[in-house]
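Report on the following structure.
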Amino acid sequence: MSEETKYIRGELIYTIYTNQAEHFSIAKIKVLKTNEAFDEDELVVKGYFGEIFPGEAYVFYGEFVHHKKFGEQYHVDHYERYVPKTEEGLVSYLSSDLFPKIGKKTASRIVEALGEGAINKIIRAPDVLKDIKGLNDERRTILVERLKTYQGFDTVVVALQKVGIGLKLAQKIYQHYQDEAINILEENPYQYVFDIEGFGFHRADLIATDRGISLNHPSRIRAGILYVLNESLNDGHVFLPKDLIREKVNRLLEARRYDITDEMLMKELVEMAEEEYLVEEQDRIYLPVSYYAEAGLTTQLKRISELEVEETIVEADLLKVVGEVEEEEHLTYGKVQYEAIKQALMTKVMILTGGPGTGKTTVIKGILKAYSELNDVSMKLQDYAKRSEFPYILTAPTGRAAKRITESTGLPAYTIHRLLGWDGHQHFEKTQDNPLEGKMIIIDEFSMVDIFLANQLFKAIPSSMQVLLVGDEDQLPSVGPGQVLSDLLHSHQVTQIKLDEVYRQKEGSKIITLAHQIKHDELTAADLTKASDFNFIPCQRHQLLHSIETIVIRAIERGFDIQDIQILAPMYKTDVGINEINARIQSVVNPKRKGARELHTKDTVFRTGDKVIQLVNQPEDNVFNGDIGKITAIFRENENIDGEDQVIVTFEEDDVTYTRQDLLNITHAYCISIHKSQGSEFPIVVMPVDRAYRRMLRKNLLYTAMTRAKQSLIICGDQAAFLEGVTTIDTNERYTTLIERLTGVFTDKDYRERLEEDLEEQALGDEDVSPFDFM
Ligand SMILES: Nc1ncnc2c1ncn2[C@@H]1O[C@H](COP(=O)(O)OP(=O)(O)OP(=O)(O)O)[C@@H](O)[C@H]1O
């Protein structure tokens, strides 16, 4: 015989604490009835609830926990509002003060018509009340609204629990759809996959099967197609070839097993294209966002390139100005460097590329000074009445990269998001109708800019502005879809100057030498000898954590701050992955000790003094993906007016407060991923290399990591794996069509007109879009 489910029925006396965002509450109840071994009159319950009201009765299911300070509490796993189960009980519930203007008579009619399940029926389809006598529109609305408030969350949670969805996920679902949650669950559970983070495709399959939705239903096929396309964005693709989609969708949906034929799949593909859920062009399938971002960028680039630079340059004047800069900077520009300065001044859109130490920054300085002298404009911000009159815009994808520009040029620089007035969601303040102001925009670290951001940025650049894109093509491509810099270079539609000669090398930098040897596939084991700024410490996997620890301790002993020492690794989850390294280094440099406060989450212990990294953009707090800070305080829930546990992180400019639920946005930063390190530089880089990272050990990844080091680079681990990695090209081709569009648009008139028509049509809906708008 199965054991009886334990419960406590009680009336809410008052709520002690509520976190509205999480629906988490702690409350005091009067115990009415229970089958738990508990015989006191009152009890504290805590858990995730919808809105709960004093005076109302609930049935709680859960278990007792003992709290050190507050004694016995009931940890609620799930609960339901206590609604009398009999028809009689229901009538008195509906005619109670909770539902104004509903008398006993009307309540009886409702229960008579709808039976014991009346409440659920009303919430799911309020129309069932239409024929009830004595209920005018106003009363009906009040009744439905109140029922939804009182019962909505509970009903949703109960329904979701029945299909195996826990309270936390149910709470997310309710927050997203409110009362629509159940309808969506019944009609198209696949919608959850797109809207709710952490809701997998297979979970939706289980629910669909439960609901009797067949697994070859068109909505499942459609969801599969969108899912595959959406996943492909994460792999950097702008589109997928039709055959590949077919293959991937078939695999995802287990097509053969569930009788999904090729015709069925193709039919949905065609219909989805007709309904504009996706774009089909020849044999390529795009999500509309990606298609219009790529097509949009092409049009914007063309628009800006079309106007020519008005001012002509007299070579003699330029030589004179460059000579002055050379004197100030104590150097002589190389031939290509000089050409770069000249071209940048004469060209509307130009790309300046080159590896580390080839003088990109030095050339930028030359361009700015020469432009200022030749056009007789000041480079000093204070000489302008309004900031918008300042002729230069300097920008980069990350805060750290922007800061580096300011350090080297002395001019203000912003992140691209900040420059465009991004609101943290989908809105950009700067657009084609409200463009940026200035004469010249310089965008550094352009290899990191994806197709979406590039499109937003170019939209906001006025036709008269000169554009200089600066980047290193050999770095990792953008995290988001596209490979804009590389495609622009290979399209040969934009003037480009490549700096090849390495100048920093002449100052004796082994790091730079190694980087260029990798770039030109010339690196051998003999090159990995120790130098003043470089060391390779061979070790085996079981020694790797110890080796990293020793390097870090030595650097600290030599006077370096832990913020200056950056460990970079490619993967999070192996036994020598980022997570393990972080735990190990934390235990050494910021161990548990008296006076250091801690906050424990599921997998992490955050401690005051910890070095942490921000994982998402949070513009409202002026903190962005990749920013590194330090935990400077931890407050307990009873120590602040918000009544929540709080972690304070100090970033360069700001203190940011994280509540428990925000802590997902940060993680330890003793070791960070190489991807996150793009656009940043660190005095000391420690780089473990091991075969455990095998599938990530690629030339561009290792090159990116090594070139982050300013003063010292220490690699430790498996030398053979390293040498193999630096010659392994990342063969994960990104599917993009920017080159074709650029070459097509610039030469093929029909194509161009068609595209422009397409764009015009799309223009209205083109603002503020994300891939999810098309789901
Ligand atoms: N023509 C030159 N003659 C002498 N030194 C030069 C010349 N060009 C650049 N340098 C020096 O080389 C070093 C690297 O230059 P710079 O910082 O401009 O390169 P970069 O390409 O921006 O490098 P990174 O991408 O690593 O920041 C600097 O110290 C700079 O002063």
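Counting convention: from 1, in listed order, for ligands and their atoms alike. Please read all numbers here as calculations on a predicted model, not as lab measurements.
- Of the charged side-chain nitrogens involved, at least one lies within less than 4.0 Å of a carboxylate oxygen, so that K403 and E407 count as a salt-bridged pair.
- Taking every heavy atom of T332 and a limit of under 4.0 angstrom, the matching atoms of ligand 1 come to 1 (N), 2 (C), 3 (N).
- Residue contacts with ligand 1: S408 is excluded, as none of its non-hydrogen atoms falls under 4.0 Å.
- Considering backbone and side-chain N/O of G359, one or more are found under 3.5 Å from N/O of ligand 1.
- Of the candidates L331, I511, V502, L352, it is L331 that places a heavy atom closest to atom 31 (O) of ligand 1.
- Checking only distances, V363 never comes within under 3.5 Å of ligand 1, N or O to N or O.
- Looking at D690, its side chain does come within 3.5 Å of a backbone N or O of A692 through a donor-acceptor pair.
- Distances below 4.0 Å separate heavy atoms of G355 from the following atoms of ligand 1: 21 (O).
- Under a 4.0 Å N-O distance rule, the pair K510/D533 does not qualify as a salt bridge.
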Can I get a per-line list of side-chain donor-acceptor pairs under 3.5 Å for residues 701-711, giving both atom names and the distance, sequence neighbours left out?
unit_1, atom_1, unit_2, atom_2, d
Y703, OH, D472, OD2, 2.7
T704, OG1, L476, N, 3.1
T704, OG1, N700, O, 2.6
T707, OG1, Y703, O, 2.8
T707, OG1, T704, O, 3.0
R708, NE, T704, O, 2.9
R708, NH1, S680, O, 2.9
R708, NH2, Q475, OE1, 3.3

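- Residue pairs meeting the ring-ring contact (aromatic ring centres under 6.0 Å, His included) criterion with at least one partner in residues 301-348, sequence neighbours excluded, do not occur; the list is empty.
- The contact set between ligand 1 and T361, taken as ligand atoms under 4.0 Å from a residue heavy atom, comprises 17 (O), 18 (O), 20 (P), 22 (O).
- Proximity to Y333 (heavy-atom distance under 4.0 Å) selects the following atoms of ligand 1: 1 (N).
- Checked for salt-bridge contact, K699 and D474 miss the test: no charged N lies under 4.0 Å from a carboxylate O.
- Taking 4.0 Å as the cut-off, G334 counts as a neighbour of ligand 1 on heavy-atom distance.
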